[in-house]
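Structure record follows, encoded as structure tokens.
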Amino acid sequence: MVERDNTSNEETTNQTNLQEEYLKSLDELEEGHVVQGHVIQVTDETVFVDIGYKSEGKIPLSEFDKAPKVGDNVSVILVKKESRDGNIIVSKRKFDEKELWKNLKKAFQDKTPVEATVIKDIKGGFEVLLGHNVKAFIPISKMDVVKIEKPEEYINQTYKFYIERLFSNKKINIVLNRKSYMIEELAQKKEDFFSKAKVGDTVEATVKSIASFGAFIDLGGFDGLLHINDMSWGHVAKPKEYVKKGQKVKLKIINLNKESNKINLSLKHFAENPWDTFSSRYNTGDVVKGKVTKITDFGVFIEIEDGIEGMAHISEFSWVKKINHPKELFSIGDDVECMILNYDLEQRRISLGIKQVLENPWDSMAEKYPEGMQLERKIIKVTNAGAFIELEEGISGFLHIDDISWTKKVKNSFSVLKPNEMITVAILNVDKENRRIRLGIKQLSDNPWDVLAKAFAKGSVIEGKVTSKTEFGIFVKVQDDIEGLINKANISDKFNEELDAEMEQYNIGDSIKAVITEINPKKKKLALSIKEYKKNMQREEISKYMQSDNAPMATLGDFMKQ
């Protein structure tokens, strides 16, 4: 009995001590203090928390961002030790609000970022929710590092911000700044990137935007450039054919410049450079097929395989046809056959020829247009020196002003030749090397000078008409419009005034007979003499007189009189 009574007394004493310690701890709790508890029950609407009091604290489930589990530790604010119904009142929301403000003050003082969600677009900027119905304002100019075109795209997005202001005039007035945070973050990211990355590294990134000259690649808040020339070894006309906006791509770093913050990326460097094996696959003189990729005023660029592009100059288009602009023959995308004329691997240049795969008509031009051949063709152009005559498409010959007439000296070709006029010409010469064809009109008939020289020898008498008179003589037109000159000294034996009076007897249009004193077809020179003609006539008269049967015996004195 004694042992049982002792045991009972000890149990009673322990319970009393525990109750005293419990009551003492409760006395130390004050309303508004933070207390720690643990979840003992969770219903659809309420969370029950044991904080070591005689009754549990009840917290609406709505005060929790995420429903807790039984056994979870939770911090709350003691609102009231005991309500009228004897329950303890605690609040998770008040604790969270207190913690939020404590964190906001610290972030403002330490200039550390806070996380918040954009809830709506308002005049001049955005309204942002920091949590627990604590709202702030951010000007639109401080929302991003780029100009904002579509504010709606920022709504319901969560970002990090710097707190620029908490209070104004002793009232809550929170103003945030995201731009300054982004600038610092981007600077740090760039610093980390440049310190670790090197040329040749492979990066995985996202296509941010596409331009005509390439694509901007997001490397984590800062951009690298994938230039159009680095998308493929072949010709790229449209960057969108190789990458899409928002697409994840793997690229090679081909250039890093920390001073200018330039990062150049490449897609084509994952493949072998076709120029490295060009000389083993192609030779000068090879005929290849390609596609026109670019047209300029001076020629066309032709891609003969991916990454290998050459240029055909406009002078290499046709053997005979004059091309004013490459667009007359080609369009972008045309398939074309051409010849490799030469190449420079260091400069990565290829000279291509298009006419070289076609037959050169000048090789058979002399056989097609033999010397002496006569044909009727159209004048396509008249110049001071003559005229160009079209023989066939792309082939023209030149009629020089000296080959228009044997006898007339043509000083102005425009006076006798007209564009688009059809004329008959003779082929004089075909120069294959210089690609020239000489034509003539006067060669259609015999040279009248040769005809005249055969018909009239030196000393012959010829008849003509006076065409002009000069101080030094008289010009006389004989057959085939050939003009001869009667020098003043060959008009008469008279001198000075008497000779001038003699010349006055001859008028333009008068018929006249004279002796040929010189005829030279090569120099086109015909010299005549009236004086010699008169002497000849005198000799004939004397000869007739001497030979007459009825003539009396002539004496020396008679001849002298004559």
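All values below come from the heavy atoms of this structure, side chains included, with hydrogens, waters and symmetry mates left out.
- Taking every heavy atom of both residues into account, Val199 and Leu256 meet most closely at N-CD1, 4.0 Å.
- The closest side-chain heavy-atom distance from Thr383 to Phe388 is below 4.5 Å.
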List the steps and the verdict of side-chain contact (heavy atoms from CB on, under 4.5 Å) for Val320 and Trp362. CA-CA 8 Å; Val320 295; Trp362 283 97; 3.6 Å; yes
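- At a threshold of 4.5 Å between non-hydrogen side-chain atoms, the residues Arg281 and Pro274 count as touching.
- To the nearest 0.5 Å, atom NZ of residue Lys522 and atom NZ of residue Lys524 are 13.5 Å apart.
- Counting heavy atoms from C-beta on, the side chains of Phe194 and Asn261 come closer than 4.5 Å.
- Residue-environment remark: CG (Asp334) exceeds the threshold of 12 foreign heavy atoms within 6.0 Å.
- Cation-pi geometry between Lys355 and Trp319 is met: the NZ or CZ atom falls under 6.0 Å from the ring centre, inside 45° of the normal.
- Surrounding CD of Glu359 are at most 12 heavy atoms belonging to other residues, nucleotides or ligands under 6.0 Å away.
- Summarising the local packing, CD of Glu152 is surrounded by more than 12 heavy atoms from other residues, nucleotides or ligands at distances under 6.0 Å.
- Residue Asn536 is tested with Glu532, Gln538, Arg539 for a side chain to side chain donor-acceptor pair (under 3.5 Å); the sole match is Arg539.
- Remark: Lys454 does not engage Asp450 in a salt bridge, criterion side-chain N to carboxylate O under 4.0 Å.
- By the 4.5 Å heavy-atom criterion applied to side chains, Leu417 and Leu399 are counted as neighbours.
- Rounded to the nearest 0.5 Å, atoms NE2 (His227) and OG (Ser266) are 12.0 Å apart.
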Thr277 vs Glu272, side-chain contact (heavy atoms from CB on, under 4.5 Å): CA-CA, chis, key distance, verdict: CA-CA 9 Å; Thr277 57; Glu272 182 183 40; 4.1 Å; yes
Is there a side-chain contact (heavy atoms from CB on, under 4.5 Å) between Leu485 and Leu526 once you walk through the steps? CA-CA 6 Å; Leu485 173 63; Leu526 176 64; over 6 Å; no
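- Considering every non-hydrogen atom in both Ile148 and Met143, the closest pair reads CD1-CB, 3.5 Å.
- Looking only at distances, a side-chain donor or acceptor of Lys469 sits under 3.5 Å from a matching main-chain atom of Met503.
- No donor-acceptor pair closer than 3.5 Å links the side chain of Gln347 to the backbone N or O of Asp344.
- The aromatic rings of Phe298 and His313 sit parallel, their planes meeting at an angle under 30°, below the 60° perpendicular limit.
- Panel note: side chain Trp233, backbone Asp306; no donor-acceptor pair is recorded below 3.5 Å.
- Between Thr206 and Lys248, the side chains place a donor N or O and an acceptor N or O closer than 3.5 Å (distance only, hydrogens not considered).
- Contact annotation: the side chain of Ile340 never approaches that of Asn283 to less than 4.5 Å [non-hydrogen atoms, C-beta and beyond].
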Run the numbers on Val451 and Trp406 for side-chain contact (heavy atoms from CB on, under 4.5 Å), then give the verdict. CA-CA 12 Å; Val451 175; Trp406 289 112; over 6 Å; no
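- Contact check for Glu328 versus Phe317: no side-chain heavy atoms found under the 4.5 Å cut-off.
- Annotation for Asp481 and Lys477: closest pair OD1-CD, 3.5 Å, computed over non-hydrogen atoms.
- Separating the CD1 atom in Ile263 from the CZ atom in Phe222 is a distance of 5.0 Å, to the nearest 0.5 Å.
- Within 6.0 Å of NZ on Lys513 lie no more than 12 heavy atoms contributed by other residues, nucleotides or ligands.
- A donor-acceptor contact shorter than 3.5 Å links the side chain of Lys531 to the backbone of Ala489.
- To the nearest 0.5 Å, the span separating CZ on Phe301 from CD1 on Ile332 amounts to 11.5 Å.
- Put simply, the residue from Val515, Ile512, Asn490, Ile486 that forms a side chain to side chain contact (heavy atoms under 4.5 Å, CB included) with Tyr533 is Val515.
- Distance check, rounded to the nearest 0.5 Å: OG of Ser396 to NZ of Lys381 gives 10.0 Å.
- Ring orientation note: the planes of Tyr343 and Phe278 are nearly perpendicular, at an angle over 60° on the 30°/60° scale.
- Ser460 contributes no side-chain N or O that, together with a main-chain N or O of Ile516, makes up a donor-acceptor pair within less than 3.5 Å.
- The two residues Met231 and Pro239 come nearest to each other via the heavy atoms CE-CB, 3.5 Å.
- Side chain of Lys442 to main chain of Thr407: no donor-acceptor pair is present (N/O by atom type, distance under 3.5 Å, no hydrogens or angles).
- For Arg349, the CZ atom sits in a loose shell: 12 or fewer heavy atoms of surrounding residues, nucleotides or ligands are nearer than 6.0 Å.
- Heavy-atom neighbours of Glu204 CD from other residues, nucleotides or ligands within 6.0 Å: above the threshold of 12.
- Interatomic distance, Lys252 NZ to Leu265 CG, rounded to the nearest 0.5 Å: 12.0 Å.
- When the shell of 6.0 Å around CZ of Arg435 is examined, it contains more than 12 heavy atoms from other residues, nucleotides or ligands.
- When all heavy atoms of Leu444 and Thr424 are compared, the pair lying nearest together is CD1-O, 3.3 Å.
- For the pair Ile350 and Tyr282, the minimum side-chain heavy-atom distance is 4.5 Å or more.
- In this structure, the side chain of Lys418 engages the main chain of Phe414 through a donor-acceptor pair within 3.5 Å.
- Lys294 NZ: 12 or fewer foreign heavy atoms inside a 6.0 Å radius.
- For the pair Leu391/Lys368, no side-chain contact is recorded, criterion being any heavy-atom separation below 4.5 Å from C-beta on.
- Ion pairing between Asp201 and Lys198 holds under the 4.0 Å rule for side-chain N and carboxylate O.
- A donor-acceptor distance shorter than 3.5 angstrom exists from the side chain of Lys189 to the backbone of Gly220, with no hydrogens or angles considered.
- Of all heavy-atom pairs spanning Ile395 and Met365, the tightest one is CD1-CE, 3.4 Å.
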